[in-house]
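Model, not experiment: these values are computed from the prediction.
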Amino acid sequence: MDLGLLLHALIPSSTSVAILAAFFTYLAIVGPILPGKVVPGVILQDGSRLHYRCNGLLSLLLLVALLGMAAKMDYISPTVISDRGLELLSATFVFSCIVNLVLYAAGCKSRNQGSSLKPHLTGNLIHDWWYGIQLNPQCMGIDLKFFFVRAGMMGWLIINLSVLARSIQDATLSRSMILYQLFSLLYILDYFFYEEYMTSTWDIIAERLGFMLVFGDLVWIPFGFSVQGWWLLNNKPELTTASVIANCFVFLIGYLVFRGANKQKHLFKKNPKAPIWGRPPKVIGGKLLASGFWGVARHCNYLGDLLLALSFSLPCGISSPIPYFYPIYLLILLIWRERRDEARCATKYKEVWAEYCKLVPWRILPYFY
């Protein structure tokens with residue numbers, strides 16, 4: 001594709017805008033009305049706490065069913081997203097910029113002193129734009145931070161399904177495509193099955209909603225994490241049976257570490273006395289869990305996430321670095337986030353954190369980092 005065609009493909013069309021608008025409208029409608037477990041968030045500094053309706057799995061399954069019926073009845077093409085990927089990418093990027101502009105303006109004007117809506121202005125325009133001003137801004141009763149990450153994860157699956165449909169139509173479906181689609185499908189379904197665990201993550205409890213999260217949720221997750229599928233549309237690496245088995249092993253280990261660590265942390269926050277691996281938990285200073293995965297490394301959930309990301313790329317072989325964009329990016333992101341989290345915890349927990357670091361010296365990968 002030459003530069004002229006590329007630039008033309010990046011211009012949002014009315015169709016791409018309509019697809020994006022329909023997607024967000026659907027999520028805004030079904031989120032508050034579909035049944036789901038209502039989970040209390042962490043207690044904020046002012047004593048308040050938000051509550052989250054965790055019906056993401058039902059919302060996703062309903063959306064896929066509706067899209068499937070619409071495609072069956074020829075109302076939409078199953079390949080419409082894969083055919084208009086660049087248009088949708090640019091339209092979503094423009095939308096994320098508009099959203100962040102509104103969030104920034106609303107935050108600057110806010111006089112609310114509650115923990116969720118209190119403006120945090122540093123006076124540095126770039127810093128405030130990037131990290132955001134308010135912790136939990138809302139629109140018509142919808143918590144935007146929770147809404148956007150849900151949209152990003154669902155968007156990733158919808159893109160993948162459209163790419164899969166294109167692969168089937170073009171008769172290019174390969175073992176590599178099947179592996180990538182299967183691993184990412186299991187990861188996304190698992191995310192929504194355990195959606196309530198998201199309410200205790202760093203993004204939800206500590207990060208303010210600025211361009212970093214808005215762009216990350218709406219653009220980076222669905223379009224960045226699906227690079228392998230797009231690449232496999234035009235490439236067909238040969239995988240041996242041994243490489244397939246090894247790839248499955250990497251995915252399984254990554255999943256067990258990622259899900260196990262996050263589950264332990266979430267359950268510990270709900271019940272600090274709950275057994276871990278069949279034994280009473282070891283707690284430092286009455287605050288920090290040092291048992292199970294959290295006694296192996298201080299951010300062992302990141303190790304699981306990295307192994308999962310690697311498993312999404314391994315089906316593409318090693319002939320090109322392009323499919324490894326996601327795990328490489330994630331490695332940089334998680335090391336940066338780990339450093340920020342360490343600094344925050346050192347300030348918050350002081351000598352308790354120092355004691356925890358002495359007991360658990362490894363940050364992410366035991367005996368290496």
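- Residues Pro280 and Ser291 approach most closely at O-OG, 4.3 Å, considering heavy atoms.
- Side-chain contact between Met198 and Ile204 is present, with heavy atoms from C-beta onward closer than 4.5 Å.
- Remark: aromatic rings of Tyr329 and Trp220 are close, center separation under 6.0 Å.
- Judged by distance alone, with hydrogens and angles left aside, the side-chain atoms of Arg175 form a donor-acceptor pair with the main-chain N or O of Leu239 at under 3.5 Å.
- Checked options Pro315, Ser176, Ser313, Ser184; the residue passing with Gln228 is Ser313 (criterion: side chain to side chain contact (heavy atoms under 4.5 Å, CB included)).
- Checking Ser13 against Glu87 by side-chain atom types alone, a donor-acceptor pair falls below 3.5 Å.
- Side-chain contact between Lys270 and Glu196 is present, with at least one heavy-atom pair separated by less than 4.5 Å.
- Using a 4.5 Å heavy-atom cutoff, the side chains of Tyr104 and Ile133 are in contact.
- Remark: the backbone N or O of Phe211 is not paired with any side-chain donor or acceptor of Trp129 at under 3.5 angstrom.
- Thr240 places a side-chain N or O within donor-acceptor distance of the main-chain N or O of Ser243, the cut-off being under 3.5 Å.
- A side-chain N or O of Asp128 and one of Thr122 form a donor-acceptor pair less than 3.5 Å apart.
- Contact record, Leu303 with Pro366: CD2-CD, 4.4 Å, taken as the closest heavy-atom pair.
- Using cut-offs of 30° and 60° on the angle between ring planes, the pair Trp156 and Phe225 is perpendicular.
- A salt bridge links Asp190 with Arg259; the closest basic N to acidic carboxylate O contact falls under 4.0 Å.
- No donor-acceptor pair closer than 3.5 Å links the side chain of Arg84 to the backbone N or O of Ser16.
- The residues Glu207 and Arg340 are annotated as salt-bridged, a charged nitrogen and a carboxylate oxygen being separated by less than 4.0 angstrom.
- Checking Tyr369 against Glu338 by side-chain atom types alone, a donor-acceptor pair falls below 3.5 Å.
- A pairwise comparison of heavy atoms in Arg53 and Phe146 identifies O-CE2, 4.1 Å as the closest pair.
- The shortest distance between side-chain heavy atoms of Phe215 and Phe93 falls below 4.5 Å.
- For CD1 of Ile33, the number of neighbouring non-hydrogen atoms (other residues, nucleotides, ligands) closer than 6.0 Å is greater than 12.
- Here the shortest heavy-atom pairing between Pro78 and Ala71 reads CD-CB, 4.2 Å.
- A pairwise comparison of heavy atoms in Ser59 and Val30 identifies OG-CG2, 3.8 Å as the closest pair.
- For the pairing with Arg150, the side-chain hydrogen bond (donor to acceptor under 3.5 Å, both in side chains) check across Asp143, Asn55, Asp217 returns one residue only, Asn55.
- Remark: aromatic rings of Tyr197 and Tyr194 are close, center separation under 6.0 Å.
- In this structure, Lys287 contributes its side chain and Ile284 its backbone to no donor-acceptor pair below 3.5 Å.
- Considering only heavy atoms from C-beta on, Asn271 stays 4.5 Å or farther from Leu267 through its side chain.
- Considering only heavy atoms from C-beta on, Phe293 comes within 4.5 Å of Val257 through its side chain.
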Could you check Glu195 against Lys37 for salt bridge (charged side-chain N to carboxylate O under 4.0 Å, His left out), going step by step and ending with a plain yes or no? CA-CA 10 Å; Glu195 189 177 30; Lys37 183 179 180 180; over 6 Å; no
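- A donor atom on one side chain and an acceptor atom on the other are found under 3.5 Å apart for Asp46 and Ser48.
- Between the side chains of Thr79 and Arg166, at least one donor-acceptor pair of N or O atoms lies under 3.5 Å.
- Between Phe312 and Phe183, the ring center distance fails the sub-6.0 Å criterion.
- Using modelled atom types, one finds a donor on one side chain and an acceptor on the other under 3.5 Å when comparing Tyr187 with Asp305.
- In summary, of the residues considered (Ile159, Val163, Ile76), a side chain to side chain contact (heavy atoms under 4.5 Å, CB included) with Ile81 occurs for Ile159 alone.
- A salt bridge links Asp203 and Arg337; the closest N-O separation between the charged side-chain nitrogens and carboxylate oxygens is under 4.0 Å.
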